[in-house]
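Notes follow the structure.
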Amino acid sequence: MSTATTPRRVNRLDLEILNYRGAKSTLCAGCGHNAITERIIEAFWEMGAEPWGLMKFSGIGCSAKTPAYFMSASHGVNAVHGRAAPVATGAILANSTTPAIIVTGDGDTASIGLGHYLHMLRRNVPLVYVIEDNGVYALTKGQLSATADYGSKLKSGVINDTEPVDCCLLAIEMGATFVARSFSGDKRQLLSILKAAIAHRGLAVIDVISPCVSFNDHEGSTRSYQYMKDHDEPLHEVDFIPSFVDLDVEFEEGAATDVEMFDGSHLRLKKLDRHYDPTDALAAVRAIHESRVSHEVLTGILYLDQESPTLLDKLKMVPEPLATLPERRVRPSRAVLDQIVDEYR
Ligand SMILES: Cc1ncc(C[n+]2csc(CCOP(=O)(O)OP(=O)(O)O)c2C)c(N)n1
Ligand code: SF4
Ligand SMILES: [Mg+2]
C-alpha cells in the first residue's frame, strides 16, 4: 500500500499557511469579506512576513471583525467605529518597526470615519488600508452607506438619490501614495495588489468591492456579484515579484510596465486594452471620473507615488520603538530646558 504524503508547503520562514490563519469566521457564507481575509492570509504568507509581527486595526462593522480571522499570533485593536486610522497612526509613531494593516468598511471609512480618513491620507501614514466596500452598513442591517452609487437600489426598493464618496479619488487627491481598487471575486488581482501594498513604503489604500450577500446582492444593486461580473474593467494585469524571488520572468517592452519598488520588488503591469500610467495622478482622476459616466468599475493599481515622504520621514522619527529608548535620549537637555524657561520670562 502506498504511504505517499503531500509535500509540506512552506514560505521563506519555513512556515505553513496555517500559521497565518486566525479564528473561524462568523460572517455569512459567501460574504465578500471572507474572500478578502483569504487573500490577506495568502499575501502575508507568500511575502514571508512574520505572522506574529503585524499590528492589526479596525473599527466597527462586519468588516471590522475580519482582523480576528487572520494572523492570530499578532496583536489587534478593535477601535471605535470610524476611528481605526488615528489609533493606528499613534501606534505607528510609537513603534515604526512593526508593519500595520487597517481593515475597514465603507461606512467606517466614508461615513463616520471620513474626517480621520482624510487626515491619514494627507499624512501618508505608512500602512496598508483595506476598505471592504459593500455599499451598505451591513452590521446594522443594510442601510445605504456613503459609497453607494447614485441610482443603486436597496432590497426594499429605495433608490439612492445621493452622489457617492469615491474613496480612491479622495486617496489620490489627498496624498495616499498607493491607490488601488479590486474585487473580492478576483483572487489573482487582489492577491497581487495586496502583496505590492505590503511592499510599498507609505500609505497603500485598497478599495475592494466586497458584495454583502445578506443585504446588497440583489438586482438593481451596484455592489452585487452579478454587477461586478458585468462591469469590472481591469486596467491591466497585475503581477508582483517579491525582492527575494529571481526576476526570471521575461517581459516584452511595450506590452507591460515594470516598476521597481523601494524594497527591490517588481510590479509588472501588463497592458490590456488601454495605455495607463499609474504614476500620473491627473490621468488617474480623469479615468475614474470617465468610468463613472460609462458605468465601469476600474480595477487595478490606479496610482503609485514612490517619492513622497511618509509621516515618519517628515517627523524625523527614530527607527527604534519609542518605549525602548533610554531616558537620556528622550529627556531634553538642560540647555534646551533653560531655553524654554527663558522664553516664558
Ligand atoms: C459611534 C457609533 N455609531 C454608530 C454605530 C452603529 N454601527 C455599527 S456598524 C455600523 C456600520 C458598519 O458599516 P460598514 O463600515 O460599511 O461595515 P460593514 O458592516 O458593511 O462591513 C454602524 C453605523 C456604532 N457602532 N458606533
Ligand atoms: S451581513 Fe453582509 S457584510 Fe455582514 S457578514 Fe453577512 S454578507 Fe457579510
Ligand atoms: Mg459596508
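In each ligand, atom 1 is the first atom listed, and ligand 1 is the first ligand listed. It should be emphasised that the depicted structure is a prediction, and the values quoted were computed from it without experimental measurement.
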Quick note on ligand 1: atoms under 4.0 Å from a heavy atom of Gly107 include exactly 14 (P), 15 (O), 16 (O)
The atoms of ligand 1 lying under 4.0 Å from a heavy atom of Leu139, numbered in the order shown, are 9 (S), 19 (O)
Mind checking whether Asn134 has an N or O less than 3.5 Å away from an N or O of ligand 1?
-> yes
At a cut-off of 2.8 Å, protein N/O/S around atom 6 (Fe) of ligand 2 gives Cys28 SG
Handout entry: Pair Asn124, Thr310: side-chain N/O donor-acceptor within cut-off below 3.5 Å
Key = no
Taking only non-hydrogen atoms of Asp108 and a 4.0 Å limit, the atoms of ligand 1 in range are 14 (P), 15 (O)
Are Tyr117 and Tyr129, when compared by the centres of their aromatic rings, separated by less than 6.0 Å? yes
A student comparing Leu27, Thr109, Ile60 should find that the heavy atom closest to atom 8 (C) of ligand 1 comes from Ile60
Numbered in order shown, the ligand 2 atoms found under 4.0 Å of a heavy atom of Asn134 are 3 (S)
A student checking ligand 1 against Cys62 at a 4.0 Å heavy-atom cut-off should list atoms 18 (P), 19 (O), 21 (O)
Among Lys141, His81, Lys65, the residue with a heavy atom nearest to atom 4 (C) of ligand 1 is His81
- Where do Arg9 and Glu16 land on the salt bridge (charged side-chain N to carboxylate O under 4.0 Å, His left out) test, with the steps shown first? CA-CA 6 Å; Arg9 284 194 68 213; Glu16 295 177 42; over 6 Å; no
The closest protein heavy-atom partner of atom 6 (C) of ligand 1 is Thr140 CG2, 3.9 Å
Is it true that the side chains of Thr97 and Glu320 contain a donor and an acceptor less than 3.5 Å apart?
no
Can a side-chain donor-acceptor contact be found between Thr66 and Thr37 if the only test is distance below 3.5 angstrom?
no
Does the pair Asp313/Arg201 count as a salt bridge with the N-to-O cut at 4.0 Å? yes
**Q.** Backbone or side-chain N or O of Val80 under 3.5 Å from ligand 1 N or O
**A.** no
Under 3.5 Å between some N or O of ligand 1 and some N or O of Ser63?
yes
From the list Asp149, Asp232, Asp207, salt bridge (Lys or Arg N to Asp or Glu O under 4.0 Å) with Arg223 holds only for Asp149
- Give yes if a backbone or side-chain nitrogen or oxygen of Asp106 is under 3.5 Å from a nitrogen or oxygen of ligand 1, and no if not. yes
Checklist line | Donor on one side chain, acceptor on other, His119 and Arg122, under 3.5 Å | finding: yes
A student checking ligand 1 against Ala138 at a 4.0 Å heavy-atom cut-off should list atoms 18 (P), 19 (O), 20 (O)
